[in-house]
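Have a look at the structure below, then the notes.
Scope of the values below: all heavy atoms of this structure, side chains included, with no hydrogens, waters or symmetry mates. Quick note: residue numbers are just sequence positions, from 1.
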Amino acid sequence: MPRSRLMDEDAFWELIERSGREARTRKKRLAWLDDELSRRSAEEIADFDTRWDSVRNRACTWDYGSGGQVSYKPSQGS
């Protein structure tokens with residue numbers, strides 16, 4: 001039987017958006033998320049992690065990586 005999803009997609013994105021309202025720098029946002037998730041159940045943390053990996057994997061595609069190579073052009077003479 002599949003486990004219930006306590007951290008659904010809406011809850012995931014709400015945490016991400018709220019981290020931006022609570023802290024401005026990347027380091028502080030990650031610290032805020034870490035603190036917020038530490039108050040959650042192990043199942044919610046696992047659900048968040050699964051969603052985080054899914055979002056990262058969608059962003060890290062060959063097309064995305066190729067775009068970075070195309071847009072990066074070192075200056076002549078360097």
Side-chain angles (χ1 to χ4, degrees):
M1 170 186 257
R3 67 182 187 178
S4 65
R5 287 300 209 181
L6 296 174
M7 179 67 62
D8 66 8
E9 191 166 349
D10 290 336
F12 171 82
W13 286 113
E14 175 56 32
L15 271 180
I16 297 298
E17 290 171 8
R18 190 167 161 214
S19 73
R21 293 189 301 268
E22 298 290 334
R24 293 293 176 203
T25 67
R26 182 177 186 270
K27 186 176 180 177
K28 288 180 181 178
R29 284 181 78 170
L30 291 173
W32 184 90
L33 277 169
D34 187 48
D35 184 57
E36 184 65 28
L37 288 169
S38 72
R39 298 180 197 156
R40 308 280 177 127
S41 70
E43 187 175 28
E44 284 179 289
I45 294 168
D47 287 348
F48 181 91
D49 187 56
T50 299
R51 291 188 183 282
W52 180 259
D53 285 344
S54 176
V55 168
R56 265 194 1 214
N57 289 338
R58 281 186 284 175
C60 294
T61 64
W62 283 106
D63 291 339
Y64 181 76
S66 298
Q69 291 175 351
V70 169
S71 66
Y72 173 72
K73 295 180 181 163
S75 61
Q76 303 288 49
S78 38

Residues forming a salt bridge (charged side-chain N to carboxylate O under 4.0 Å, His left out) with Asp10, sequence neighbours excluded: none
Separation of Ile45 CD1 from Arg39 CZ (nearest 0.5 Å): 11.5 Å
Atom pair NZ (Lys28) and CG (Asp35), whose distance is rounded to the nearest 0.5 Å: 14.5 Å
Verify same cluster id: Leu37, Trp13 (apolar side-chain graph, 4.5 Å): yes
Considering all heavy atoms, the nearest Leu6-Glu43 contact: CD1-OE1, 3.3 Å
Pairwise distance CG(Asp47) to OG(Ser41) - rounded to 0.5 angstrom: 7.5 Å
Ala46 backbone acceptor or donor facing Thr50 side chain under 3.5 Å: yes
Heavy-atom side-chain contact between Met7 and Asp49 under 4.5 Å: no
Sub-4.5 Å side-chain heavy-atom contact between Leu15 and Arg51: no
Asn57 vs Ser54, side chain to side chain contact (heavy atoms under 4.5 Å, CB included): CA-CA, chis, key distance, verdict: CA-CA 5 Å; Asn57 289 338; Ser54 176; 5.8 Å; no
Sequence neighbours excluded, every pair satisfying ring pair (Phe, Tyr, Trp, His ring centres under 6.0 Å) that has a member inside residues 16-60: Phe12-Phe48
Neighbour count >12 (heavy atoms, 6.0 Å) for atom CZ, Arg24: no
Electrostatic pair Arg18-Glu14, nearest N-O below 4.0 angstrom: no
